[in-house]
Amino acid sequence: MVHWKTIKQEANDVANGTTSALANVNKSLKLIQDNEEFGAIISVIKDRSIERAKFIDAQIAKGQKVGRLAGVPFIAKDNFLTFGSETTAASNMLKGFNAPYQSTAIEKLEAEGAICVAKANLDAFAHGGSTENSDFFVTKNPHDKTRVAGGSSGGSAAAVTLGLAPFALGSDTGGSIREPASFCGVVGLKPTYGLVSRSGVVAMASSTDVIGPITTNVADAALVLDIMSGKDLLDSTTIDNDPKGYELNGAKSNISGMRIGVIKEYMDDGLDPEVKKVITESIEIFKKAGAVIVDVSLPSLPTALAVYYIVVPAEVSSNLSRYDGQRFGHNDINAKTLEESYVNSRSQGFGSEAKRRIMIGTHVLSSGYYDAYYKKAQTVRTKLINEFNNSFKSVDALIGPVTPEVAFKIGANSDDPLKMYLIDIMTVAANLVGVPAISIPAGLAGDMPVGLQIMAPQQKDRDLLILASEFEGLIK
Amino acid sequence: MSKLTKEEILKLAFLARLKLSDDEVEKYQKELSSILEYVKHLDNVDVSGLEPTYQVSGLVNVSRKDQIIDYGVSNEELLKNVPVREGMYIKVRRMI
């Protein structure tokens, strides 16, 4: 469903008068309306988008210089604080919440002239891998409406696949950008931990949360990262960006002679044979281009999911403790005492997955269990980090699948939370280790898209993007 | 691992300020037990000589100048989502 050219071409077309910002916004709003059945969008930012588009068009008419994304519409996951519509994180807790300020990422994109036209659906508070945990409705996969779009950034991935806007933003705590991108057949980038400010994004797990773009091609992801990345006074975990920037501008790496490691643990028994076939073909493509393919074993990888499902609920339970119903968010008007107001507001405002994670997190952090669960998990995390660092001494990048199978049927995993958690098994490691990772469309298993995952060392986002872009060129 | 007891679930719910229905208590007893059983994988991992990692990019003690930066957000804007207000105050229920 191609409705847009590359982001750069779209911005050029606006700047040189081939089209206008207003025409782009209207086109996007119309497409959103025509595709409501997929459940990708929670709310539309209509008035503000039109106003901003008119302002940009007026600047151009006056011959003023405009930004690199002037007049390009985009869609933000509904856990980004934005003006012009509610920010709900797809939760009943934040229904009706009007942000008093915007996320740094949104501000940076707006400063370059991009226009946020809508907010995308997600698993409530980004808890999930299928968008079925949204407190509002399920997002359907554009390739097959009976299947999930993935999650938690499922609305963002479906929106880009449907061509509702040239790009969308997601957040990735354990695979929430890469998994839906893989399920929907688009590009999803999880940058190095700390590279993009998280100020103004609803916090899930602070030691693994990152923000990134979902796009139709790698060059677009690179351009959006280039604009969003860098240190921010409002997020003290941010790091400096690459002095070379991230925009590709035709940059090439020399695949010939490059060492690429295939992650052995991800290619084992649990992988669907059809997905395995696509990934094996991708490996052949790298080989034909002259890359040296080596098998890499990261023996602690099978423990990564267990580490993740201790560390993340622990941080979730801490981050969600702020929702007490007093300053913002759902408030039980019938509560008699302050204590009752806390308890009722939280019990009514949180859905069952948020409650489940709060309960697990509270358990693993509680006195008597802290050392056995939380501290142990964070120590196994160190082991995992060491294994990744060692492997990157001998390879330039690691590759493997994004998920063990293609997008599953809606409802297929709903009755068993553990089964649902297993979908993250190949994506969580990059978050625990903090390395950049990307999902790029690599082929089809049956009629459903399969993504190839590429990971690079921390802060090598530029190299990762260049390599991904070359793979994209080779597979076309 | 044995199943979490009803009392343990209720204690966690109390600590997290959540009120659970009887059905929820039973559901979480089952689900939390199976999740905790799964994470028991880590018991057999040898981590001798390793320290825990809480922050992956190696930053420590990031500080900034103690000065006011005006982001152009008014007090009124910041208070607009407060459920119950009295003037510029947030009004809460009685404490006891």
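In what follows, every chain begins at residue 1, and chains take the letters A, B, ... in the order their sequences are listed.
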Could you grab the distance from atom OH of B:Tyr54 to atom NZ of A:Lys375, nearest 0.5 Å is fine?
-> 6.0 Å
When you look at CZ of B:Phe14, are more than 12 heavy atoms from neighbouring residues, nucleotides or ligands closer to it than 6.0 Å?
-> no
If you count heavy-atom pairs under 4.5 Å with chain A, which of B:Met95, B:Glu31, B:Arg64 comes out on top?
-> B:Glu31
Please determine, by modelled atom types, if A:Asn98 and B:Lys80 share a side-chain donor-acceptor pair under 3.5 angstrom.
-> no
Chain A shares the most heavy-atom pairs under 4.5 Å, among B:Ile9, B:Val39, B:Val45, B:Leu79, with B:Val39
Does a side-chain heavy-atom distance below 4.5 Å link B:Pro83 with A:Phe328?
-> no
Between A:Lys355 and B:Glu24, is there a side-chain N and carboxylate O pair less than 4.0 Å apart?
-> yes
Shortest non-hydrogen contact from A:Tyr193 toward B:Ser57 | CD2-OG, 3.9 Å
Nearest 0.5 Å, what's the CG-CG distance between A:Leu418 and B:Leu32?
-> 11.5 Å
Per-residue contact mode, A:Asn386 against chain B (heavy atom under 4.5 angstrom) | side chain
How long is the gap from OH on A:Tyr309 to CG on B:Leu36, to the nearest 0.5 Å?
-> 14.0 Å
Picking from B:Leu20, B:Leu18, B:Val62, which has the most non-hydrogen pairs under 4.5 angstrom with chain A?
-> B:Leu18
So, A:Gln378 side chain and B:Gln55 main chain: donor-acceptor pair closer than 3.5 Å or not?
-> no
Contact class of B:Arg94 relative to chain A, heavy atoms under 4.5 angstrom = both
Looking at side-chain heavy atoms only, is the closest gap between B:Arg93 and A:Glu340 below 4.5 Å?
-> no
Below 4.5 Å from any heavy atom of chain B, which atoms of A:Ser318 appear? Answer side chain, backbone, both or neither.
-> neither
In terms of heavy-atom pairs under 4.5 Å with chain A, which of B:Ile90, B:Asn81, B:Asp43 leads?
-> B:Asn81
If you tally heavy-atom pairs under 4.5 Å against chain A, which of B:Leu12, B:Val73, B:Val82 wins?
-> B:Leu12
Could B:Arg17 and A:Glu339 be called an ion pair, given the rule that one side-chain N must be under 4.0 Å from one carboxylate O?
-> yes
Would you say A:Lys383's side chain and B:Asp46's backbone share a donor-acceptor pair under 3.5 angstrom?
-> yes
Do B:Pro52 and A:Lys376 have side chains that get closer than 4.5 Å, going by heavy atoms?
-> no
